[in-house]
Amino acid sequence: MTTSTALLQVRDLRVQVGDHHVLKSVSLDVAPGALVVLMGANGSGKSTLALTLAGHPSYHVTSGQATFAGQDLLAMNVQERARAGLFLSFQSPPDIAGVKNNLFIRTALNAVRQARDQEPLDAFDFLGQARTAARQLGLPEAMLSRPVNEGFSGGERKRNELLQLALLQPRLALLDEIDSGMDVDGVHAVVALVQQLRAQGTAFVIVSHYLQLIELLQPDAVLRLDQGCIAETGDITLARHIARTGFARSTEPVEA
Ligand SMILES: Nc1ncnc2c1ncn2[C@@H]1O[C@H](COP(=O)(O)OP(=O)(O)OP(=O)(O)O)[C@@H](O)[C@H]1O
Ligand SMILES: [Mg+2]
């Protein structure tokens with residue numbers, strides 16, 4: 001993860017939400033194809049970091065820099081970020097009433113394809129790809145023709161986020177607690193999709209509280225966020241240490 005090869009580079013990022021200073025100083029590098037796990041106590045700022053990088057309008061960057069594929073990320077609007085290959089799966093995916101899931105995802109995919117100088121997919125070709133991906137992810141095909149997330153169970157919402165990830169094939173995916181609410185098959189679907197996309201060069205920043213998933217993901221780096229700052233950086237041993245001792249733990253040293 002050297003600076004010169006970073007796909008995402010964040011330097012001293014400070015972020016305010018409402019009148020609350022949530023991120024106080026965050027710096028990180030993510031290389032192409034790398035997998036970084038972000039851990040931290042509830043309220044430490046993990047979702048804030050992910051939403052800020054994706055361009056959510058409620059999150060105000062007060063200082064710092066972020067580049068994505070060499071471009072000034074913070075100067076790009078949310079659509080430009082998505083077209084450049086940044087993807088966020090929400091911790092709590094929202095409903096979009098009245099918008100059919102397949103139209104929503106096809107519209108997003110064709111916007112991304114246009115940015116990559118690829119021809120748009122027509123409804124027939126898209127549906128073929130979407131059905132195959134939905135089947136691999138254990139998402140019933142009927143979910144494709146329902147309004148986005150409306151009436152979906154917690155696990156179905158998360159699988160629907162995975163469906164978008166599988167079809168959009170981003171350069172960098174930020175997955176915010178993708179495993180929460182997932183059954184055991186869903187967790188294995190996460191791991192399989194992450195491995196498949198990583199093999200194609202997608203980089204990941206994955207927020208998770210669960211060691212079992214983190215072990216399966218085989219991360220390149222594990223970061224711990226504490227009160228809006230990166231407090232520790234390590235490898236899988238840091239995740240194991242946190243799982244064993246918690247966040248409000250002693251100064252017990254991390255053992256390899
Ligand atoms: N709109 C807001 N107004 C005020 N405070 C906010 C707002 N959004 C987030 N915060 C606060 O910012 C802090 C960080 O929230 P964030 O959602 O980023 O935490 P998190 O690390 O993702 O936690 P969790 O593990 O519970 O998902 C919290 O204290 C939260 O209450
Ligand atoms: Mg969160």
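One-based numbering, in listed order, for ligands and for the atoms of each.
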Open item on the list: Tell me the protein heavy atom at minimum distance from atom 11 (C) of ligand 1, and give that distance in Å.
Closed with: His20 CD2, 3.7 Å

Task: Reference residue Met39; test side-chain contact (heavy atoms from CB on, under 4.5 Å); the match among Asp226, Val222, Leu223 - done: Val222

Open item on the list: So is Gly43 touching ligand 1 or not, going by heavy atoms under 4.0 Å?
Closed with: yes

TODO: Do me a favour and list the nearest non-hydrogen protein atom to atom 8 (N) of ligand 1 with residue, atom name and distance?
DONE: Val17 CG1, 3.7 Å

- [ ] Would you verify that at least one protein heavy atom lies under 4.0 Å from atom 31 (O) of ligand 1, or report that none does?
- [x] no

- [ ] Look up atom 14 (C) of ligand 1 and tell me if a protein heavy atom lies less than 4.0 Å from it?
- [x] yes

TODO: Run the numbers on Asp12 and Ser27 for side chain to side chain donor-acceptor pair (under 3.5 Å), then give the verdict.
DONE: CA-CA 5 Å; Asp12 196 19; Ser27 299; 5.4 Å; no

Open item on the list: Distance under 4.0 Å to a non-hydrogen atom of Glu177: what atoms of ligand 1 satisfy this?
Closed with: 25 (O), 27 (O)

Open item on the list: Checking Asp95 against Arg157 for the salt bridge (Lys or Arg N to Asp or Glu O under 4.0 Å) test, could you report, in this order, the C-alpha distance in whole Å, the side-chain angles of both residues, the deciding distance, and whether it holds?
Closed with: CA-CA 9 Å; Asp95 298 4; Arg157 283 168 194 259; 2.7 Å; yes

TODO: Please confirm whether Ala41 comes under 4.0 Å of ligand 1, counting heavy atoms of the residue only.
DONE: yes

Open item on the list: Would you say that Asp176 contacts Leu174 through its side chain, given a criterion of any heavy-atom pair below 4.5 Å between the two side chains?
Closed with: no

- [ ] Among all protein heavy atoms, pick out the one at the shortest distance from atom 25 (O) of ligand 1; state its residue, atom name and that distance to 0.1 Å.
- [x] Lys46 NZ, 2.8 Å

Task: Side chains of Val26 and Thr52 in contact at under 4.5 Å (non-hydrogen atoms) - done: no

Open item on the list: Using a 6.0 Å cut-off, check whether atom CD of Gln212 has over 12 heavy atoms from anything other than its own residue.
Closed with: no

Task: Residue part near ligand 1, for Asn42, under 4.0 Å between non-hydrogen atoms - done: both

Open item on the list: Just to confirm my output: which protein heavy-atom neighbour is closest to atom 17 (O) of ligand 1, and how far is it?
Closed with: Ser47 CB, 3.6 Å

Open item on the list: With a 4.5 Å cut-off on side-chain heavy atoms, are Leu144 and Arg106 touching?
Closed with: no

- [ ] Any atoms of ligand 1 less than 4.0 Å from a non-hydrogen atom of Gln91? List them with their elements.
- [x] 27 (O)

Task: Ile230 and Leu225, any side-chain heavy atoms less than 4.5 Å apart - done: yes

Open item on the list: Looking only at distances, can you tell me whether any N or O atom of Gly45, backbone or side chain, sits closer than 3.5 Å to an N or O atom of ligand 1?
Closed with: yes

Open item on the list: Within ligand 1, which atoms have a heavy atom of Val22 less than 4.0 Å away?
Closed with: 12 (O), 13 (C), 14 (C)

Open item on the list: Within ligand 1, which atoms have a heavy atom of His209 less than 4.0 Å away?
Closed with: 25 (O)

Task: Distance from atom 18 (O) of ligand 1 to nearest protein heavy atom, with residue and atom - done: Thr48 OG1, 2.6 Å

- [ ] Using a 4.5 Å cut-off on heavy atoms from C-beta on, say whether the side chain of Pro219 contacts that of Ile236.
- [x] yes

Task: Phe90 CZ: over 12 foreign heavy atoms closer than 6.0 Å - done: no

Open item on the list: Looking at the Mg ion (ligand 2), is there an N, O or S atom belonging to Ser47 that lies under 2.8 Å away from it?
Closed with: yes

TODO: Confirm or rule out an N/O/S atom of Gln91, from backbone or side chain, lying less than 2.8 Å from the Mg ion (ligand 2).
DONE: yes

Open item on the list: When you compare the side chain of Asp220 with that of Val36, does any pair of heavy atoms fall below 4.5 Å?
Closed with: no

Open item on the list: As an exercise, identify every atom of ligand 1 less than 4.0 angstrom from a heavy atom of Ser44.
Closed with: 19 (O), 21 (O)

